[in-house]
Amino acid sequence: MKSFSILTKKQANSNVNQHDFGEIYSLAVHEQASRKGVGSRLLNEYIKQEKYSSSKKGVFITTDNNSSNKAVIDFYKKNKFKHTSDFIQYPSRKMSIYTYHFTDKET
């Protein structure tokens with residue numbers, strides 16, 4: 001059984017300076033691995049690799065901003081991502097960007 005998947009894009013979209021941040025397109029764990037720290041470990045490992053193998057200032061993720069996505073938003077907040085901005089995806093999909101900035105204090 002595959003317990004996780006992560007898709008990444010090295011360049012960010014226009015909502016965050018594309019030369020300064022990497023983008024996480026998708027991060028998911030199998031429901032049997034959910035709430036066992038697998039997602040946080042996977043995310044933290046990606047952050048470490050991105051920090052030390054690139055000149056990026058951080059990474060970001062774009063996610064739906066609605067009540068049914070609260071667990072996802074809480075996951076990123078728990079993992080030190082900060083709300084950066086909101087926008088509307090055509091036709092009326094509310095989206096948010098959460099950004100993780102690299103600092104000298106981490107990892």
### Task
Could you give me the CA-CA distance, side-chain angles and deciding distance for Thr62 and Glu23, then say whether side chain to side chain contact (heavy atoms under 4.5 Å, CB included) is met?
CA-CA 8 Å; Thr62 303; Glu23 180 179 5; 4.2 Å; yes
### Task
Mind telling me whether His83 and Tyr98 have parallel, tilted or perpendicular rings, with 30° and 60° as the class edges?
perpendicular
### Message
Can you give me the closest heavy-atom contact between Asn65 and Ser96, atom names plus distance?
### Response
ND2-OG, 3.0 Å
### Task
Working to the nearest 0.5 Å, report the span between CZ of Phe60 and OH of Tyr76.
12.0 Å
### Message
Tell me whether Lys80 contacts the main-chain N or O of His101 through its side chain, where contact means a donor paired with an acceptor under 3.5 Å.
### Response
no
### Query
Do the side chains of Ile61 and Tyr100 get nearer than 4.5 Å, heavy atoms only?
no
### Query
Are Ile24 and Tyr46 close enough that some pair of their side-chain heavy atoms sits under 4.5 Å apart?
yes
### Message
Quick one, Lys56 and Phe21 - any side-chain contact, counting heavy atoms below 4.5 Å?
### Response
no
### Query
In Å, rounded to the nearest 0.5 Å, how long is the span from NZ of Lys77 to NZ of Lys82?
9.5 Å
### Query
Any side-chain heavy atom of Asn79 within less than 4.5 Å of one from Ile47?
no
### Task
Starting at CG of Leu27, measure out to CZ of Phe75 and round the result to the nearest 0.5 Å.
5.5 Å
### Query
Under 3.5 Å, is there a donor-acceptor pair between the side chain of Asn66 and the main chain of Asn69?
yes
### Query
Is Arg93 salt-bridged to Asp64, cutoff N-O under 4.0 Å?
yes
